[in-house]
Amino acid sequence: MDRTSTPESVPSRPGPSGPALRTVALVGLGTMGTGIAEVLALAGREVIGIDVSEAAAAHAVRALEAATARAVRRERITEEERRAALARFRTSHELAAAAEADLVIEVVPEDYALKHEVFTALDAVVRPDTILATGTNALSVTRLAADSARPERVLGLHFFNPAPAMRLVEVVSSVLTAPAAVTAVTELARELGKEPVAVGDRPGFVADGLLFGYLNQAAAMYESRYATREDIDAAMRLGCGLPMGPLALLDLIGVDTARTVLEAMYAASRDRLHAPAPILGQLAEAGLTGRKSGRGFYTYEAPDSAVVVPDERTPGSVAQGGGEVREVRAVGVAGSGTMASGIAEVFAKAGYAVVLAARTAEKAEAAKVRIAGSLARSVEKGRLTPAERDAALAAITPAGSLDAFAEVDLAVEAVAEDLAVKQQLFAALDKVCRPGAILATTTSSLPVIACARATGRPRDVVGMHFFNPAPAMKLVEVVRTVLTGDDVHATVRAVCARVRKHPVDCGDRAGFIVNALLFPYLNNAIKMVQEHYATLDDIDAAMKLGGGYPMGPFELLDVVGLDVSLAIEKVLHREFRDPGLAPAPLLEHLVAAGCLGRKTGRGFREYARR
């Protein structure tokens, strides 16, 4: 599958004793086959590229020449190494050319009948000890093995695109695969400078098994018109640190390819989260398959172009509010924890007068001290001048009561994620804040409308979901209820722009955009471990190396907190009533045992006590 990571590969050199799998044949010289050929040739293997298309074979030769020339210009290899690599690559139009190979890797299109035909033909050509590998990521390796003359030598070897840059290789064994074959290709992957991950045979394996469920949900979210394609993609890039948003990634992978993978996953799991969203089928059948066709979820300058051009679905402007913007000069922040302190810092640095109210004056003062420390660190890192630090700190007034919010234009609550607590707070804000003041909640999982109904001014209530740490994270999910006024929505978007945050619009439903897409993915990762399909380390490595994620799912779960994660999973399951969203029992067991992640010293992993 295509991915978004762009690190340059560094060719490894074969060891002094020489490689065990010396000659490798590649059947299929498309983008993936050509990329794998480059990796193998640069690592000292004899490579036989096989394709029925003379044009494909010629293109593969030109691509290898161009890639190695770039590597020389960037001083990654010498000209002598380049010439040697090119000499090790030859092409053929006949499968008979694979007769001398120690390993054959099949990377033809994702069609079982075609792959079966290739494997059957190879049975009659290769030596009895030759290993046969399929590059599939969606079809059954076990079925291909069972239909082979020697099932013990058949396995999956799933590279990621672009193969020269992506370090992950999934080594897929079936119940029929001989351990010696797995060992041989695993060692080869390491010698190629890759990170092999051992997985069993199930559609999608680890990386795509987790990734495609997430992509499918994003497509369904867009199809339901819950949020725009731009907001969905921006939310996941800015809220999760992903290199690409899900809809842009679907266009890169190919909408038709994604649909094929999901159909295979659904056939095996019967999990509704894997049932392809109808829009995937509609786009594929219309020929709108993404970048390769010039149009998918987005419209591109030309087929195979990465340049997005405006179309009829492109938003008119970033500051889309649909109402007049109210003046906001003073902001009240309720709370004294990390999130409240961070939000207060954000507003103060943007020039707002900030009232920071906590349950006691002492807690409010302590929160201001925390902000002072954060501002001091920003000065040390060169992000703020001393004068800017002093101005921001002077703009914050700590208070021990909500009564201090009497003249604020915007009140933002950042208290405990407990609906009863928030409703009580909103009832108090309703009494204290002047008419026309906007009341905002930072909830990440509770219904905003329930907070609004605790007041006598529900049209003035909106969700402003900041992400932690608020000073660093650029995203704010702006959540409007069915009662939120247009001018309130427009004002909050304008405020986000002033504090240099990126607002994305969404409706008032569980998880909003980010958590609704993120936590089912995390839950599915837990299920993989629970089912002993793969290890924590392998899953984390697969998602970082194969998906470009800044953290693996278990690293992230331990940082977020397993109790917080479980609470969000329960909210999503309760609202959407999908069995696939039910929290994994392993997560519930760990929380019950008090293993909550880094904050307790133990979650999915153990951490040193400070």
Side-chain angles (χ1 to χ4, degrees), residues 1-5 27-36 51 56 105-115 118 134-141 144 156-163 165-166 168-170 172 202-220 222-223 229 233 242-269 273-300 303-306 542-543 546-548:
M1 291 299 96
D2 288 277
R3 295 295 180 270
T4 55
S5 178
V27 182
L29 290 175
T31 302
M32 180 61 81
T34 301
I36 298 172
D51 201 296
I105 305 173
E106 164 278 306
V107 277
V108 301
E110 202 75 342
D111 176 87
Y112 183 81
L114 178 58
K115 290 182 184 291
V118 168
T134 173
T136 185
N137 72 320
L139 302 176
S140 172
V141 176
L144 281 170
L157 198 56
H158 181 210
F159 287 79
F160 287 72
N161 205 11
M166 301 299 285
L168 179 67
V169 174
E170 291 177 318
V172 189
R202 64 189 245 181
F205 312 130
V206 171
D208 287 348
L210 293 176
L211 178 67
F212 277 86
Y214 150 71
L215 296 177
N216 192 41
Q217 287 182 281
Y222 172 68
E223 185 174 22
R229 61 190 178 180
D233 280 353
L242 300 180
M244 290 185 78
L247 302 180
L249 182 53
L250 278 164
D251 276 355
L252 178 61
I253 291 169
V255 174
D256 52 341
T257 301
R259 182 191 183 194
T260 298
V261 173
L262 285 163
E263 284 176 339
M265 291 174 65
Y266 181 65
S269 71
L273 297 178
H274 299 151
I279 192 172
L280 297 176
Q282 293 159 10
L283 289 171
E285 288 162 10
L288 308 179
T289 53
R291 284 193 190 182
K292 59 189 176 185
S293 69
R295 185 175 173 189
F297 286 95
Y298 294 90
T299 299
Y300 299 88
D304 295 318
S305 170
M543 297 316 296

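Quantities reported herein were computed from a predicted structural model and do not represent experimental measurements.
The heavy-atom pair separating Leu114 from Pro109 by the smallest distance is CD2-CD, 3.7 Å. Listed here is the closest heavy atom pair of Asn216 and Ala277: OD1-N, 2.8 Å. Taking each heavy atom of Val118 and Glu106 in turn, the nearest pair found is CG1-CG, 4.2 Å. Minimum heavy-atom separation, Leu168 to Gly546: CD2-CA, 3.6 Å. Summarising the geometry of Arg291 relative to Leu252, their closest heavy-atom pair is NH1-CD1, 3.4 Å, with the distance given to 0.1 Å. For Gly204 against Met265, the heavy-atom pair with the smallest separation is N-CG, 4.5 Å.
With Asn137 as the fixed residue, the side-chain contact (heavy atoms from CB on, under 4.5 Å) test singles out one of Val172, Thr260, Val261: Val261.
Every residue two or more places apart in sequence or in another chain that forms a side chain to side chain contact (heavy atoms under 4.5 Å, CB included) with Pro278 is listed here: Glu223, Gln282. Every side chain to side chain contact (heavy atoms under 4.5 Å, CB included) that Ser293 has, sequence neighbours left out, goes to Thr289. Not counting sequence neighbours, the partners of Asp233 by the side chain to side chain donor-acceptor pair (under 3.5 Å) test are Tyr298. Every side chain to side chain contact (heavy atoms under 4.5 Å, CB included) that Ala264 has, sequence neighbours left out, goes to Ala138, Pro203. Residues satisfying the side chain to side chain contact (heavy atoms under 4.5 Å, CB included) criterion with Ala275, sequence neighbours excluded, are Tyr266.
Distance check: Leu283 CG to Arg295 CZ gives 8.5 Å after rounding to the nearest 0.5 Å. In this structure, the separation between NZ on Lys292 and OG1 on Thr31 is 10.0 Å, given to the nearest 0.5 Å. Annotation: the span from Lys115 atom NZ to Leu144 atom CG amounts to 7.5 Å, rounded to 0.5 Å.
Looking only at distances, no side-chain donor or acceptor of Thr134 sits under 3.5 Å from a matching main-chain atom of Gly156.
A heavy-atom distance below 4.5 Å is not found between the side chains of Thr257 and Glu110. In this structure, the side chains of Leu280 and Phe297 come closer than 4.5 Å at one or more pairs of heavy atoms. By the 4.5 Å heavy-atom criterion applied to side chains, His158 and Asp208 are counted as neighbours. Looking only at side-chain heavy atoms (C-beta outward), Phe212 and Ile253 come within less than 4.5 Å of each other. Counting heavy atoms from C-beta on, the side chains of Leu157 and Ile36 never come closer than 4.5 Å. At a threshold of 4.5 Å between non-hydrogen side-chain atoms, the residues Leu249 and Leu242 do not count as touching.
Salt bridge absent: Asp251 and Arg229 never bring a charged side-chain N and a carboxylate O closer than 4.0 Å.
The salt bridge (charged side-chain N to carboxylate O under 4.0 Å, His left out) pairs that include a residue from residues 273-289 are Arg259-Glu285, where partners are two or more places apart or lie in different chains.
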